[in-house]
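The structure under discussion appears below in the form of C-alpha cells.
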Amino acid sequence: YYGVLRSQDNLETSKLNLQRLRESRERSAALAEAGRIPFFQLDQSRQDEYTASSSVVEAEQSLLAAIDELNLVLGLPMGLEIRLDRAELDRLWAPTLPTPPLTLEEACAYALEHRLDLKNYQDQLADAERQLEIAAEGLKGILDLNVSYSASDSDLNRHNPVGATAFDNGHLRVGASGELPWDRTEAMVSYRQAMIARDQARRTLLGKREETLKAIRSDWRRLQSSQQNHRILTASLELAQRRADSTDMLFEAGKIQMR
C-alpha cells in the first residue's frame, strides 16, 4: 500500500521537475535569442528536459507495476483502478514522528509476556517437566498392602447381642506385595531421556527469548536512526527548497548562467 503511495509521490515529483526544467528551458531560449547566454547552454537545458521526460515515463511504469503488485496481494483482478488515500502519505511527512508509547525496557518486558510463540515454548517446557516427574515416579519402589477380614453370620448371632459386631471368631488376613527399586534399567533410560528433553526445551525457550530481545533492540535502534534521519532530511528539504527558489529568482534576473 505504501509502496503505491511512494510511487505516486515519485511520479508527481518527476512531473514537477519536468515542468520546472521546461520553464527553465523556455527562459533559456528567450535569453539565448536575446544574446544574453550562449546557445550551448540552451542545448544543455533541452538535454535536462529530455532526461526529466524519461524519468516521468519510468515513474509512470513503476506506479503501474506497484498497483499490479497491490492487486495481486489483495486478490483483485489485474487492471482494476485503485484510489488510495494520500492523507496517509502526508501524515508521514509530518514535521515530527510519533513518540513510541513504550520505552525499550517496557517493550522488551511486554514482548516476553505476550508473544504467542514464546508462550508455546513455555508450554513445551512445562510438558517436558511433567514428563520428567512421571519418569521420576517410575524409579521408586512399589509396595501394596492388602487387608481383609471375614466372619460368618452364625458366629455373630450366637456369641453377640443384637447390633454388636465380633472380630474374635473371624478371619483377618494381612498381605503385602511390592517391587524393590533394584532393576530399573528401562525406567532409568526413560528418566534420562525425559531429563534431556527437559533441558533441551529449556535451552530452546531461553534461545527464543534472547532472539526476541535481540530483534526488539535492533528494531529500536533502527527506529532511533529513522527519527534522526527524518529530522536531518526535513531540514535538508527546507534548505533545498530555499536554494531552488533563490536560484530561480537569480536566473530570472540574469545573474547566474545555466550549468
Side-chain angles (χ1 to χ4, degrees), residues 1-13 62-78 80 82-139 189-239:
Y1 183 84
Y2 285 102
V4 176
L5 290 177
R6 183 174 62 249
S7 297
Q8 286 181 340
D9 186 69
N10 291 338
L11 178 58
E12 293 176 2
T13 301
S62 178
L63 174 59
L64 294 176
I67 293 176
D68 289 342
E69 183 67 23
L70 181 59
N71 286 335
L72 182 62
V73 172
L74 298 178
L76 300 176
M78 293 292 104
L80 181 65
I82 299 179
R83 295 182 180 179
L84 305 181
D85 186 8
R86 185 179 170 79
E88 282 293 317
L89 187 61
D90 295 336
R91 184 176 60 85
L92 297 178
W93 283 101
T96 57
L97 295 177
T99 303
L102 300 175
T103 63
L104 176 58
E105 291 75 15
E106 292 173 343
C108 292
Y110 185 87
L112 294 179
E113 180 67 23
H114 295 86
R115 282 281 295 263
L116 298 180
D117 55 343
L118 292 181
K119 288 184 178 296
N120 290 334
Y121 289 112
Q122 291 173 356
D123 292 340
Q124 293 176 8
L125 176 58
D127 292 339
E129 290 176 344
R130 285 192 293 269
Q131 293 297 325
L132 181 60
E133 293 176 359
I134 295 174
E137 291 292 331
L139 294 175
V189 171
S190 299
Y191 179 78
R192 184 59 180 170
Q193 291 176 345
M195 182 179 295
I196 294 174
R198 189 275 312 272
D199 294 341
Q200 183 178 3
R202 180 178 297 170
R203 289 192 300 269
T204 301
L205 174 59
L206 293 177
K208 294 300 181 180
R209 286 170 61 92
E210 293 301 319
E211 291 179 4
T212 300
L213 295 177
K214 178 183 177 182
I216 294 175
R217 295 175 67 88
S218 177
D219 292 340
W220 189 269
R221 287 191 297 268
R222 186 163 58 249
L223 176 61
Q224 298 295 320
S225 177
S226 298
Q227 289 178 334
Q228 295 177 3
N229 290 334
H230 183 270
R231 289 193 294 267
I232 295 173
L233 293 176
T234 300
S236 178
L237 178 62
E238 295 176 354
L239 177 61

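- When all heavy atoms of L104 and R217 are compared, the closest pair comes out as CD2-NH1, 4.0 Å.
- For S218, the side-chain contact (heavy atoms from CB on, under 4.5 Å) criterion is met by R221, R222, not counting sequence neighbours.
- Annotation: side chain to side chain donor-acceptor pair (under 3.5 Å) contacts involving residues 197-214, sequence neighbours excluded, are absent.
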Run the side-chain contact (heavy atoms from CB on, under 4.5 Å) test on T103 and E106 for me, step by step, so that the C-alpha distance in whole Å, both residues' side-chain angles and the decisive distance to 0.1 Å come before the verdict.
CA-CA 5 Å; T103 63; E106 292 173 343; 3.2 Å; yes
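- H230 places no side-chain N or O within donor-acceptor distance of the main-chain N or O of S226, the cut-off being under 3.5 Å.
- Side chain of E137 to backbone of I134: no donor-acceptor contact under 3.5 angstrom is found.
- The CG atom of L206 lies 8.5 Å from the CG atom of L125; values are rounded to the nearest 0.5 Å.
- Between N71 and P77, the closest side-chain pair of non-hydrogen atoms is not below 4.5 Å.
- Taking CG from D123 and CG from L116, the interatomic distance works out to 10.5 Å, rounded to the nearest 0.5 Å.
- Inter-residue side-chain proximity for C108 and W220 is flagged as unmet; no heavy-atom pair is nearer than 4.5 Å.
- Taken to the nearest 0.5 Å, the OH atom of Y110 stands 8.0 Å off from the CG atom of L102.
- Distance check, rounded to the nearest 0.5 Å: CD of E69 to CD1 of I67 gives 12.0 Å.
- Minimum heavy-atom separation, L223 to P100: CD2-CG, 3.4 Å.
- Note that the CG atom of D219 and the CD atom of Q224 stand 12.0 Å from one another [nearest 0.5 Å].
- A donor-acceptor pair under 3.5 Å is absent between the side-chain atoms of S236 and the main chain of I232, judged by distance alone.
- D9 contributes no side-chain N or O that, together with a main-chain N or O of L5, makes up a donor-acceptor pair within less than 3.5 Å.
- Taken to the nearest 0.5 Å, the CG atom of L11 stands 8.0 Å off from the CD atom of Q8.
- Applying the side-chain contact (heavy atoms from CB on, under 4.5 Å) rule to S62 yields the partners S7; only residues at least two apart in sequence or on another chain are considered.
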Using the side-chain contact (heavy atoms from CB on, under 4.5 Å) rule, take N10 and L63 through it: C-alpha gap first, then chi angles, then the decisive distance, then the call.
CA-CA 9 Å; N10 291 338; L63 174 59; over 6 Å; no
